[in-house]
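Lettering follows sequence order; numbering is per chain, from 1.
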2 protein chains.
Amino acid sequence: MTFDEFKQMAMVSMTEICREIFHEKQTSIKIKKEAVAVKNLVNIFNTALKLSNEKGFQTMSLRDLSRNTGLSMGALYSYFASKEELLEIIQDQGRRLTRKILTRQIDPNSSSDEKLCTAIRTHLYLTEVLHKWFYFSFMETKNLEKKQQKKSVEGELATEQIFIDILKQGNREKLFHVENPILTASVIKSMLQDWYVKRWKYTLRQITVDEYCNFVIDFIKSAIKNKES
Amino acid sequence: MTFDEFKQMAMVSMTEICREIFHEKQTSIKIKKEAVAVKNLVNIFNTALKLSNEKGFQTMSLRDLSRNTGLSMGALYSYFASKEELLEIIQDQGRRLTRKILTRQIDPNSSSDEKLCTAIRTHLYLTEVLHKWFYFSFMETKNLEKKQQKKSVEGELATEQIFIDILKQGNREKLFHVENPILTASVIKSMLQDWYVKRWKYTLRQITVDEYCNFVIDFIKSAIKNKES
DNA sequence: GTCTATAGTGCGATAGAC
DNA sequence: GTCTATCGCACTATAGAC
């Protein structure tokens with residue numbers, strides 16, 4: 001699976017995400033026509049992510065957002081009830097997407113070796129496609145209220161659990177030799193995170209997602225493969 | 001070297017850092033008596049780091065800072081010229097400290113193997129001692145003005161260069177087999193970063209800095225050691 | 001050296017015209 | 001469905017009393 005194939009298969013477009021949000025958030029969104037609402041939502045989210053990733057969500061004022069979207073303050077408030085809610089919607093959507101795509105891509109019947117590659121590749125591709133979204137989620141978690149923060153923590157641990165399970169399966173199949181699956185999953189995750197957190201560095205060095213992906217897979221396999229087999 | 005030994009050797013106390021700042025920032029700091037100034041600076045920085053790490057620097061108002069330090073708004077402004085400058089001072093100090101301690105600890109004449117262990121251990125210990133400071137630096141970089149941001153980037157690349165050099169030395173000494181030193185240094189750094197960025201996770205799992213350190217060293221060595229020797 | 005009081009700005013949010 | 005106008009509030013920063 002290449003990156004381009006992934007993009008098509010995953011069908012994760014901003015438009016699709018916004019359509020989903022439109023149907024779920026009928027309480028906050030006062031607009032009735034889907035076409036109008038989705039078009040503006042795409043604009044609002046894209047702009048909000050752009051501005052927030054430049055200077056932080058708190059620093060971005062709704063006047064900034066208004067200016068950059070071309071929508072008035074009043075119009076913006078037809079799409080969310082408060083600035084706080086805008087933050088929550090973005091966060092929530094990102095979390096659900098990760099979970100959905102990750103578990104969808106991994107074939108439960110494949111070997112631990114295959115699963116590991118797929119999980120790493122899928123995670124990197126996903127964060128590549130929605131890199132603004134992930135960077136935002138990562139940086140703004142602490143600005144959420146307690147209840148929403150807890151959800152973020154659970155999301156993070158759930159993703160990690162996927163890797164822990166794969167590593168344990170690898171031990172059983174004698175393909176891997178992993179003494180500490182929890183810490184191993186933890187450092188794997190840190191490498192995956194680096195791709196979207198320190199994206200500027202990889203752009204600077206002209207490293208593509210596939211290069212990074214192949215490197216990470218090789219690196220991890222060298223570290224954990226069972227030398228006795 | 002254990003963590004406790006490091007703490008004493010490094011002599012990095014909040015008080016010492018603040019004394020240094022006091023002598024350098026005579027322009028902004030209007031207080032003349034060292035004893036008074038240092039005492040209040042320790043208070044201000046500790047509180048600022050605490051509040052910022054909970055909810056972000058921008059969200060922390062100077063009224064918050066005033067309330068939590070017990071100092072009035074007027075008094076605070078005797079220690080820095082603007083909120084922006086407070087941010088810069090904290091950032092700058094953290095960067096310089098990293099550089100100083102890292103290069104001081106590594107013996108230029110030791111083997112690549114020893115150097116790698118020392119660099120990893122020192123980095124982890126340092127970020128453990130000053131974990132609030134590093135978390136702050138990491139999270140607030142994008143709120144700096146362009147010129148300061150550039151310094152941050154340079155600092156990051158400089159730290160990475162230390163690891164790149166060690167890995168290349170290891171190749172020459174035939175202790176390591178590292179095909180891509182840049183990407184390898186990059187993922188090593190991401191693991192080290194995880195210790196202070198996702199600190200809550202390791203606290204939750206009751207993993208000590210020494211446990212994490214030993215694990216990371218083993219993991220990296222498994223991945224890069226020269227199998228032909 | 002530290003305080004209180006306040007100037008001046010820009011914010012989030014909303015009401016009501018179109 | 002979108003706009004403009006505006007309210008009330010909290011912010012950074014400073015001036016001047018003590």
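In summary, the aromatic rings of A/Tyr135 and A/Tyr196 are positioned with their centroids too far apart to meet the 6.0 Å limit.
The separation between A/Ile31 atom CD1 and D/dG1 atom P is 5 Å, rounded to whole Å. When the C1' atom of C/dT9 is taken as reference, atom CG of A/Asp64 falls 15 Å away, rounded to whole Å. In this structure, CD of A/Gln58 is placed 13 Å from P of C/dC11, rounded to the nearest angstrom. Rounding to whole angstrom units, CG of residue B/Leu76 and P of C/dC3 are separated by 9 Å. What separates NZ of A/Lys83 from P of D/dA10 is a distance of 16 Å, to the nearest Å. Here the C1' atom of nucleotide D/dC11 and the CZ atom of B/Phe57 are 13 Å apart, to the nearest Å. Nucleotide D/dA10 holds its C1' atom 16 Å from the CG atom of B/Leu65, rounded to whole Å. Taking atom CD1 on A/Ile29 and atom C1' on D/dT2, their separation rounds to 16 Å, with Å as the unit.
For C/dG10, the base has no donor-acceptor partner in the side chain of A/Arg63 [N/O atoms by modelled type, under 3.5 angstrom].
The side chain of A/Asn40 has D/dT2 as its nearest neighbour among C/dT2, C/dA13, D/dT2. When distances are taken from the side chain of B/Ser61 to each of D/dT2, D/dC11, C/dG12, the shortest belongs to D/dC11. Nearest nucleotide to the side chain of A/Met73, out of C/dT2, C/dA13, D/dA13: C/dA13. Between D/dC3, C/dT2, C/dG1, one nucleotide has an atom nearer to the side chain of B/Ser72 than all others, and that is C/dT2.
Nucleic acid contact for A/Tyr79: sugar-phosphate only, since backbone atoms but no base atoms lie under 4.0 Å from a heavy atom of the residue.
Minimum heavy-atom separation, A/Thr98 to A/Leu126: CA-CD2, 3.7 Å. When all heavy atoms of A/Val42 and A/Thr15 are compared, the closest pair comes out as CG2-CA, 3.9 Å.
Taking the nucleotide of DNA chain C with the nearest heavy atom to each of B/Lys39 and A/Leu62, the more 5' of the two is matched to B/Lys39.
Under 4.0 angstrom from either OP1 or OP2 of D/dT14 there lies no side-chain N or O belonging to B/Tyr77.
Taking the six-membered ring where the residue is Trp, A/Phe138 and B/Phe138 present perpendicular rings, their angle passing 60° and hence far from 30°.
Salt bridge status for B/Lys100 with B/Glu16: absent, with no side-chain N to carboxylate O gap under 4.0 Å.
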